[in-house]
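Below is one structure, written out as structure tokens; the observations come after it.
All values below were derived from every heavy atom in this structure, side-chain atoms included, with hydrogens, water molecules and symmetry-related copies excluded.
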Amino acid sequence: MRFDTPLIHGRLLKRYKRFLSDIQLDNGDVVISHCTNSGSMKTCIEEGAEVYLSPATDPKRKTKYTWEMIKLNGQWVGVNTMHPNKIVYDAICNNEIRQLTGYTNVQREVKTGDSRIDIMAQNDSEICFIEVKNVSMKVGARALFPDAVTTRGKKHLDELIKLRSEGIRAVMIYIVQRMDVDAFGLASDIDPEYSLTLMDAMKQGVEVISLQTKVSPEEIKIVKELPFVKD
């Protein structure tokens with residue numbers, strides 16, 4: 001996924017009220033930027049760190065910028081949770097995910113049951129529903145999900161389990177927006193209910209794929225699949 005417009009460089013002053021951040025631009029101006037990440041971002045906050053923002057395209061929007069990434073330990077970490085859905089959609093359309101090739105009809109935000117699942121992929125032989133989650137938390141050498149309790153995430157897992165019970169292929173994809181990890185796992189201490197539900201989903205046949213992306217001011221690109229480590 002390439003950024004449509006050049007990003008704007010600055011430094012993080014603070015994040016507050018979950019969805020707001022104060023950024024000092026290189027010219028000295030301090031601007032309020034929208035933060036799409038509703039989680040704790042507990043390993044993605046470093047005041048004074050370099051960041052990049054994208055300018056808002058809607059002139060009526062209250063915040064004129066969106067916080068895209070932060071530089072931690074010399075590497076860019078993506079914090080915009082709106083991107084993983086598009087990254088996976090594009091990758092499926094281009095047959096770039098090994099387990100999800102050969103689909104001729106790919107749609108986003110498809111309603112099923114009581115939920116909207118991020119992606120539906122279809123060909124002559126099967127239908128596949130795919131839910132996508134953003135991962136930014138790092139503990140040791142692992143990327144962990146979630147970084148806060150997610151009842152919405154559990155609801156999506158329950159829907160995937162239901163779909164699988166009806167004979168429909170169901171896939172859970174985790175997009176890791178950082179390169180300083182070598183495995184993916186679950187933050188069971190933060191949300192044990194989510195972890196138990198994912199384990200049950202896997203037993204029921206829901207597939208789990210974790211993909212690592214390299215984040216830069218020009219693009220976010222899938223690099224490789226990460227091993228899923230179950231504790």
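Listed here is the closest heavy atom pair of Ser38 and Arg18: O-NH1, 3.3 Å. Counting all heavy atoms, side chain and backbone alike, Gly78 lies closest to Val215 at N-CG2, 3.7 Å. Minimum interatomic distance between Glu109 and Arg116 (heavy atoms only, all atoms of both residues): O-NH1, 3.2 Å. The two residues Pro146 and Ala187 have their closest heavy-atom pair at O-CB, 3.2 Å. The minimum heavy-atom distance between Leu160 and Ile117, with the atom names listed, is CD2-CD1, 4.4 Å.
The side-chain heavy atoms of Tyr65 and Val51, taken from C-beta on, include no pair separated by under 4.5 Å. Between Thr112 and Val110, every side-chain heavy-atom pair lies at or beyond the 4.5 Å cut-off. A heavy-atom distance below 4.5 Å is not found between the side chains of Pro217 and Phe3. The shortest distance between side-chain heavy atoms of Cys35 and Met41 falls below 4.5 Å. The side-chain heavy atoms of His83 and Glu68, taken from C-beta on, include a pair separated by under 4.5 Å. For the pair Ile8/Leu25, a side-chain contact is recorded, criterion being any heavy-atom separation below 4.5 Å from C-beta on. The shortest side-chain heavy-atom distance between Val176 and Val181 falls under the 4.5 Å cut-off. Side chains of Asn105 and Gln107 form a contact here, defined as non-hydrogen atoms less than 4.5 Å apart.
A salt bridge links Lys154 with Asp158: at least one charged nitrogen is closer than 4.0 Å to a carboxylate oxygen. The existence of a salt bridge linking Lys60 and Asp58 is excluded, since no basic side-chain nitrogen approaches an acidic carboxylate oxygen closer than 4.0 Å. The pair Lys14-Glu47 fails the salt-bridge criterion, with no side-chain N (NZ, NE, NH1 or NH2) lying under 4.0 Å from an Asp/Glu carboxylate O.
Residues Leu157 and Leu186 fall within the same hydrophobic cluster, defined by Ile, Leu, Val, Met, Phe, Trp and Tyr side chains chained together at heavy-atom separations under 4.5 Å. Residues Val208 and Ile190 do not share a hydrophobic cluster, defined by chaining ILVMFWY side chains whose heavy atoms lie under 4.5 Å apart. Hydrophobic clustering, with ILVMFWY side chains joined whenever heavy atoms are under 4.5 angstrom apart, keeps Leu13 apart from Val31. Tracing side-chain contacts under 4.5 Å through hydrophobic residues (I, L, V, M, F, W, Y), one reaches Ile92 starting from Val171; they form part of the same cluster. Clustering ILVMFWY residues whenever any of their side-chain heavy atoms sit less than 4.5 angstrom apart, transitively, puts Ile209 in the very cluster that holds Val106.
If you take CD1 on Ile97 and CD1 on Ile173, they are separated by 4.5 Å, rounding to the nearest 0.5 Å. Separation of atoms NZ (Lys203) and CD1 (Ile161) is listed at 11.0 Å; rounding is to 0.5 Å. The structure places CG of Asp182 at 7.5 Å from NZ of Lys224, a figure rounded to the nearest 0.5 Å. In this structure, Asp147 CG and Ser136 OG are separated by 5.5 Å, a value rounded to the nearest 0.5 Å. To the nearest 0.5 angstrom, Leu211 atom CG is 10.0 Å from Ile87 atom CD1. Met82 CE to Ser54 OG: the interatomic distance, rounded to the nearest 0.5 Å, is 11.0 Å.
Side-chain atoms of Ser40 come within 3.5 Å of backbone atoms of Lys42 as a donor-acceptor pair (strictly under, hydrogens ignored). Side-chain atoms of Thr66 never come within 3.5 Å of backbone atoms of His34 as a donor-acceptor pair (strictly under, hydrogens ignored). Not one N or O on the side chain of Arg178 forms a donor-acceptor pair closer than 3.5 Å with the backbone of Val77. Under a 3.5 Å cut-off, the side chain of Arg152 and the backbone N or O of Lys155 do not form any donor-acceptor pair. Looking at Asn95, its side chain does come within 3.5 Å of a backbone N or O of Gly102 through a donor-acceptor pair. Using modelled atom types, one side-chain atom of Asp118 and one backbone atom of Val132 make a donor-acceptor pair closer than 3.5 Å. A donor-acceptor distance shorter than 3.5 angstrom exists from the side chain of Ser216 to the backbone of Glu218, with no hydrogens or angles considered. Proximity of a side-chain donor or acceptor of Arg11 to a complementary backbone N or O of Gln24 within less than 3.5 Å is not detected. At distances below 3.5 Å, not a single donor-acceptor pair connects side-chain atoms of Asp200 with backbone N or O atoms of Leu196.
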Tyr103/Glu126 under side chain to side chain donor-acceptor pair (under 3.5 Å): CA gap, chis, key distance, verdict: CA-CA 9 Å; Tyr103 289 108; Glu126 71 174 15; 2.3 Å; yes
Check against side chain to side chain contact (heavy atoms under 4.5 Å, CB included), Leu12 and Ile23: CA-CA 5 Å; Leu12 175 67; Ile23 309 294; 3.8 Å; yes
Side chain to side chain contact (heavy atoms under 4.5 Å, CB included) between Glu50 and Trp76, intermediate numbers included: CA-CA 9 Å; Glu50 293 182 68; Trp76 291 109; 3.8 Å; yes
Derivation of the ring pair (Phe, Tyr, Trp, His ring centres under 6.0 Å) call for Phe129 and His156: CA-CA 11 Å; Phe129 282 91; His156 289 147; over 10 Å; no
Criterion salt bridge (charged side-chain N to carboxylate O under 4.0 Å, His left out) on Glu46 and Lys71, from CA distance to verdict: CA-CA 9 Å; Glu46 185 178 302; Lys71 200 169 199 177; over 6 Å; no
Stepwise side chain to side chain contact (heavy atoms under 4.5 Å, CB included) check, Lys138 with Asn73: CA-CA 12 Å; Lys138 173 183 183 288; Asn73 298 319; 5.6 Å; no
Trace of the side chain to side chain donor-acceptor pair (under 3.5 Å) decision for Asn80 with Thr36: CA-CA 6 Å; Asn80 190 333; Thr36 66; 3.2 Å; yes
Derivation and outcome, salt bridge (charged side-chain N to carboxylate O under 4.0 Å, His left out), residues Glu131 and Lys133: CA-CA 7 Å; Glu131 183 65 20; Lys133 295 298 180 190; 3.5 Å; yes
Step-by-step side chain to side chain contact (heavy atoms under 4.5 Å, CB included) determination, Ile70 to Ile45: CA-CA 8 Å; Ile70 184 168; Ile45 299 293; 5.9 Å; no
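Judged by distance alone, the side chains of Gln177 and Asn134 do bring a donor and an acceptor atom under 3.5 Å apart. Using a 3.5 Å distance cut-off with no hydrogens or angles, the side chains of Arg15 and Ser33 do not pair a donor with an acceptor. Between Gln99 and Glu225, the side chains place a donor N or O and an acceptor N or O closer than 3.5 Å (distance only, hydrogens not considered). Counting only N and O atoms by type, the side chains of Asn37 and Thr81 include no donor and acceptor under 3.5 Å apart. Of the N and O atoms on the side chains of Asp180 and Gln75, not one donor lies less than 3.5 Å from an acceptor on the other residue.
More than 12 heavy-atom neighbours from other residues, nucleotides or ligands sit within 6.0 angstrom of NZ on Lys111. With a 6.0 Å radius and a threshold of 12 heavy atoms from other residues, nucleotides or ligands, Asp124 has its CG atom at or below the threshold.
Ring geometry for Phe184 against Phe228 counts as tilted: the plane angle lies between 30° and 60°, on a 0 to 90° scale. The aromatic rings of Tyr194 and Tyr174 stand perpendicular to each other, their planes meeting at an angle above 60°, with 30° marking the opposite boundary.
Aromatic rings of Tyr52 and Trp67 (six-membered ring for Trp) have centroids beyond the 6.0 Å cut-off, not under it.
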